[in-house]
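All values derive from a computational prediction rather than experimental measurement. Lettering of chains follows the sequences in order, A, B, ..., and the numbering in each one begins at 1.
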Amino acid sequence: MSQAPTTMQTGETILSVRNLVKRFPIKGGIFSREVASVKAVSDISFDIKKGETLGLVGESGCGKSTLGRCILRLIEPTSGQVFFKGQDITKISPTEMRKLRRNMQIIFQDPYASLNPRMTVEDILMEPLEIHGIGTSRRERIERIFKLLDLCGLRREAIARYPHEFSGGQRQRICIARALAVEPEFIVCDEPVSALDVSIQAQIVNLMQDLQKELGLTYLFIAHDLKVVEHISNRVAVMYLGKMAEIADAEELYTSPRHPYTKALLSAIPIPDPSYKKERIILRGDVPSPLNPPSGCYFHPRCPEARENCKTQFPELRDLKQLSETPHRGACHYAE
Amino acid sequence: MSDKILEVKNLQTSFFTEEGEVKAVDDVSFSVYKGKTLGIVGESGSGKSVTSLSIMRLIPDPPGKVMKGEILYEGKDLLKLAPSEMRKIRGNEISMIFQEPMTSLNPVFTIGNQICEAIALHQKLPKNEVRAKAIEMLKLVGIPSPETRIDDYPHQLSGGMRQRVMIAMALSCDPSILIADEPTTALDVTIQAQILDLLAGLQAKVGMAMILITHDLGVVAEVADEVVVMYAGRVVEQGTVNELFKNPKHPYTKGLLNSIPTLSKDPTGKIKKKRLETIPGIVPSLLHLPQGCRFQDRCSYVIDACRGKEPDLRQVASVTGANPEMPHAIRCVRDI
C-alpha cells in the first residue's frame with residue numbers, strides 16, 4: 001500500500017499536547033449536582049515527532065487510556081490543547097474532527113470486543129473506506145482490502161469470514177488493518193498486545209514495527225507491560241495518578257530512572273532468569289484514589305525516598321540531567 | 001529429598017463437544033513436593049487450568065470428564081473419593097486462588113462473611129473465634145486495619161486487595177497445597193510484586209506446597225522450583241527452574257523464552273534484541289491435531305520423523321546437575 005507522500009520530514013513534531021486536563025464530574029444528591037470530580041488527566045504536556053513511538057506506562061487508573069482517547073477527542077478534554085500538525089484540534093467542529101480522524105486512528109486492547117461480531121472482515125474494512133470516500137468503485141476498494149490483508153499478514157480468504165472465526169492474534173491483525181485502511185499518520189495503540197499470548201504478542205509487536213518502518217507511522221503506545229514498551233518505543237512517559245512523573249529517551253529511562261516511582265516500577269518487572277536474585281523495591285499500598293489525591297507530591301505516601309516537603313509541595317515537571325540528546329524530564333523534588 | 005505430597009499420574013481430561021471429544025489434558029504426569037513450588041507454564045488452551053481444576057475435581061461434568069489417570073494425595077486417589085470426602089479436602093487441605101479476584105468473590109456478601117464461611121465449614125470453632133481467625137488471616141496477607149475491612153464488600157476493595165482476600169480465604173484452613181491459577185495476571189506490576197512477595201513469605205512460614213499456573217516466564221523464574229511446560233494438552237518439557245532457563249531443549253520452550261523482549265539494562269547481561277523472535281502460527285485446535293508431534297506446524301526444527309509417531313517424554317542430560325525429583329525431560333525427537 002502506498003502512503004501519500006508528505007512534506008514532513010522525520011524529526012518534525014506531528015503531535016503536541018499542551019496542559020491537557022480531563023475532569024470527570026461525580027454527580028450526587030437529588031438534583032444530580034456535581035459533588036466532586038476526578039482529575040483523570042491533569043495538566044499533561046508532551047510532543048511526539050513524526051515516525052517516533054512514544055510509550056506511555058503506568059498502573060491501572062493512572063489515566064493513560066483517558067489521555068489516549070482525549071487526544072483523538074473520543075473523550076472531550078476539559079481544557080488544554082492538542083495540536084496535530086500545527087492545528088489545534090480541540091477547537092474544531094465535530095465534522096472537521098471526523099475528517100481529521102483519517103489521519104489519527106486508534107487500536108484497542110480487546111480484539112474480542114472491538115470488532116462487530118455480525119460484520120465480515122470485508123464489511124469491517126469497507127466501512128472506513130466508504131466513510132472517508134477512499135476509492136471510487138467497489139472493485140477498487142476490494143483491491144485495497146486485499147492489500148491491507150497482505151500487509152497485516154492475513155490470508156485473502158479471510159475477507160468473507162466473521163470475527164469469531166479468528167484467534168486473538170488474528171483479530172488484532174484485523175483491528176490493525178482497519179486502523180490502516182484510511183492511511184493514517186498517527187495511531188494511538190491502547191494496550192494492543194495485553195490480551196494476547198506471549199508468542200502471539202511477539203508477532204504483533206514485530207508487525208507493528210514493520211508497518212511503522214514501511215508506512216512512516218507515528219505511534220503513541222499505551223501499555224502496562226514495561227518490557228514491550230521499552231522494546232517498541234523511542235521515548236517513554238510514565239504517568240502516576242493523572243500526572244506525568246517522568247519522560248525520557250527509552251533506553252535512558254530504563255537504565256537511569258530518576259523518579260522513585262519509575263525506579264519501583266522497573267524493579268518490579270520479573271526477570272526470566274532464576275539465577276538472578278535482585279533487590280526489589282516493594283511499594284506499599286495501592287494507587288490512591290484520584291478522587292482525593294494526596295497533598296503535595298501524589299506519590300509521597302508510597303515513596304521510599306519521601307521527605308518532609310514532599311507532603312506539602314507539589315513537584316513540577318522539570319528538566320533533569322540528560323544523558324542522551326533527548327531531554328529527560330521528571331516531577332520529583334529530589335531527582336537529579 | 002523432600003516429601004512428595006501430590007502425584008498426578010497419566011491424567012487425561014476430556015470435554016465432549018458437538019464436534020467431538022477434546023482431550024484438553026492428555027497423559028499429564030507430575031509431582032508436587034512439600035514446601036516447593038511447581039510452575040505450570042503454557043499459552044491459552046494448553047490445558048494448564050484444566051489440569052488444576054481436575055486436581056480439585058471441579059471439572060463441570062458434563063461436558064467435561066476425567067477419563068484416565070490418578071491423582072494421589074497422601075496416598076489417596078482423589079479421583080476415587082466420594083463427593084463428600086472430596087469436599088473435606090477441597091478448600092481445606094488443597095485450596096485454590098483464581099485469576100480474576102473480581103469475579104471469584106461474591107459481590108453481595110462481605111469479605112468477612114466469605115472467609116468465615118470457609119473456616120466454619122472446615123474447622124469446628126465457636127462463632128467469635130471464626131471471626132477472630134478471619135481477621136488474623138486478613139492481617140497475615142497485609143490488609144491494613146483488618147478489623148474494619150472485614151465488613152467491607154468486594155467492590156470497596158482494589159484489585160490487589162481483592163486478590164489478598166482470595167489468598168486469605170485460600171489459606172484460612174492451613175492447606176498443605178495451594179493452587180494459584182494466574183494469581184497476578186490481572187494486577188499491575190507493583191501489586192504483582194507485592195503478591196508474589198507475600199506468597200513466598202507465607203510459603204516459607206507455613207511450609208505448604210504450591211502449584212503456580214502462569215504464562216509469564218518472568219514470574220516462574222522468580223517463584224518456581226520446578227517447571228512443567230504444557231502445549232496443546234501435553235507436557236512438552238519439564239525440569240528444575242534453573243535447568244529449564246539455562247538449558248531449554250524443546251523448540252517451544254526456546255521459542256517462548258526468545259519471544260520475550262529483554263530490557264536494555266538487563267541485569268543478566270543479555271543483549272537487547274532489535275527484533276523479537278516469534279513462534280509462527282497459532283496453537284492448533286485440539287479437535288484437529290496433526291499426526292505426530294503437536295508442535296510440528298510451528299516448529300523451525302521439524303523433520304520427517306516429527307510427522308510420524310508422537311514423540312514420548314524422554315529424559316535428557318542436565319547441565320545444572322541431575323535432580324531425581326524432577327529430571328529434565330522433553331517430548332521431542334531432536335537434540336538441539
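Both the backbone and the side chain of A/Ser60 come within contact range of chain B, judged by heavy atoms closer than 4.5 Å. Of the atoms belonging to A/Asp210, it is side-chain heavy atoms, and not backbone ones, that fall under 4.5 Å from chain B. A/Val205 touches chain B through its side chain: at least one heavy atom from C-beta onward sits under 4.5 Å away, while N, CA, C and O do not. Heavy-atom distances place both the backbone and the side chain of B/Glu43 under 4.5 Å from chain A. Within the 4.5 angstrom heavy-atom criterion, only side-chain atoms of A/Ile282, from C-beta onward, approach chain B.
The two residues B/Leu276 and A/Ala202 have their closest heavy-atom pair at CD1-CA, 3.8 Å. Summarising the geometry of A/Asp273 relative to B/Ala221, their closest heavy-atom pair is N-CB, 3.5 Å, with the distance given to 0.1 Å. Heavy atoms only, all atoms of each residue included: B/Val241 and A/Pro274 are closest at O-CG, 3.5 Å. Nearest heavy-atom pair across B/Ile279 and A/Gln203 is O-NE2, 2.6 Å.
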Checklist entry - What's the verdict on side-chain contact (heavy atoms from CB on, under 4.5 Å) for B/Ile191 and A/Glu59, showing C-alpha distance, side-chain angles and the deciding distance? => result CA-CA 9 Å; B/Ile191 310 296; A/Glu59 288 172 278; 4.1 Å; yes
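Heavy-atom pairs under 4.5 Å with chain A were tallied for B/Arg298, B/His215, B/Lys246; the largest tally goes to B/Arg298. With chain A as the partner, the residue from B/Leu217, B/Thr190, B/Val189, B/Leu196 showing the most heavy-atom pairs under 4.5 Å is B/Thr190.
No more than 12 heavy atoms of other residues, nucleotides or ligands lie within 6.0 Å of NZ in A/Lys39, so this atom counts as exposed by the packing criterion. Around the NZ atom of B/Lys254, the shell of radius 6.0 Å holds more than 12 heavy atoms that belong to other residues, nucleotides or ligands. Atom CD of A/Glu157 is surrounded by more than 12 heavy atoms from other residues, nucleotides or ligands within 6.0 Å.
The side-chain heavy atoms of B/Arg275 and A/Asn206, taken from C-beta on, include a pair separated by under 4.5 Å.
Under a 3.5 Å cut-off, the side chain of B/Glu222 and the backbone N or O of A/Ile271 do form a donor-acceptor pair.
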